[in-house]
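Written out below as structure tokens is the structure these notes cover.
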There are 2 protein chains.
Amino acid sequence: MYVASILNMAQSHKILNSHPYLRQTLDLVSDKWVTAIIYVLSQGTKRYGELHREIGDVSQRMLTRTLRDLERDGLVKRKVYPTNPPTVEYSLTSLGETLVEPLRLLCQWSINHFHEVETARESKDNHIDR
Amino acid sequence: MYVASILNMAQSHKILNSHPYLRQTLDLVSDKWVTAIIYVLSQGTKRYGELHREIGDVSQRMLTRTLRDLERDGLVKRKVYPTNPPTVEYSLTSLGETLVEPLRLLCQWSINHFHEVETARESKDNHIDR
DNA sequence: CAGGATCCTATCAGATACTG
DNA sequence: CAGTATCTGATAGGATCCTG
């Protein structure tokens, strides 16, 4: 059934080539820090420091760079308050919000199935059958 | 509303750290060639050469390596027929099939929204407002 | 046909230091 | 606080040659 539905989306099996933007937009999403940032921002507006602390293992460089990319792509809004020291708030745009649900499903898949993946890995590591 | 549903999944905002396997499994999915291969295999069993041709811009090295990873993780089944020259068929396992739908939604998102992303990029490239 | 083995390099991304 | 700038090691991944 999955097969049928995904085929409806792509009459041609060459969709990956015939639809150049698909690849480009998927790359956007297939990023470690993108998923983390969207995830945290789905909880609401956050300041730079909050994002940094909640994601945890992200470097300053990567956090800033990814935020700039997301802002440029219209997924994240950056608001600067001219205080001293500066205050910067990040939040999802309405476009960014539309990405939350698909990403959530992917996270859900990971949580539901990681154990099966683990099991598959172990069984192949311990004995080579084939 | 998205906010509420994603929060149900994570009582703590530290889920990215507290759930080590989530990150690991998401990385598995967040791979250019993984998405392409799952995508093509969702259409049914394919031979190595078919995969190579249909994905198109993948190198031999990367195709083989990714297929091995997917096999190891239990998402893809590799079947060898002792013919000459050899025949090898790849197909999704039942676990692999469960990933098709989440990935399809992500592809659908890309198709539905890539134009908005494009527009956002262009408007920011042409004039710096803020 | 379906890869395995090597070589090589562009990009990624962490660590560190500095600033308005 | 919220970044920018620079350096550098790691690694992803392409090109090429070879084989059962």
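Naming convention: chains lettered A, B, ... in sequence-line order (proteins, then strands); numbering from 1 in each chain.
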Seminar exercise, completed: Heavy-atom nearest pair, A:Pro102 first then A:Thr98, reads CD-O, 3.3 Å
Exercise. Where do A:Val80 and A:Arg78 come nearest, in terms of heavy atoms and distance?
Worked result: CG2-NH1, 3.7 Å
Exercise. Quick one: on DNA chain D, does B:Pro86 or A:Tyr48 contact a more 5' nucleotide (nearest heavy atom)?
Worked result: A:Tyr48
Check whether [X] reaches the backbone of [Y] with its side chain - one donor and one acceptor, N or O, closer than 3.5 Å.
X	Y	answer
A:Thr64	A:Arg61	no
B:Ser123	B:Ala120	yes
A:Thr93	A:Gly74	yes
A:Glu116	A:His113	no

Exercise. 5' to 3' on DNA chain C, which nucleotides open and close the contacts with chain A (atom under 4.0 Å from a heavy atom)?
Worked result: C:dA13 to C:dG20
Length of the [atom1]-[atom2] vector between [X] and [N], whole Å:
X	N	atom1	atom2	answer
B:Ile55	D:dG13	CD1	P	13 Å
A:Leu63	D:dT4	CG	C1'	14 Å
A:Lys46	D:dA2	NZ	C1'	17 Å
A:Leu51	D:dA2	CG	P	9 Å
A:Asp69	D:dG3	CG	P	14 Å
B:Met62	D:dG14	CE	C1'	8 Å
A:Leu67	D:dG3	CG	P	8 Å

For this session: Please determine, for the side chain of B:Gln60, which listed nucleotide (D:dC17, D:dG3, D:dC1) has the closest atom?
Result: D:dC17
Exercise. Choosing from D:dC1, D:dG13, D:dG3, which nucleotide comes nearest the side chain of B:Arg61?
Worked result: D:dG13
Exercise. Above 12 or not: heavy atoms from other molecules or residues under 6.0 Å from CZ of A:Arg65?
Worked result: no
Exercise. Looking across every strand, which nucleic acid part, if any, lies under 4.0 Å from B:Tyr81 by heavy atom: base, sugar-phosphate, or nothing?
Worked result: nothing
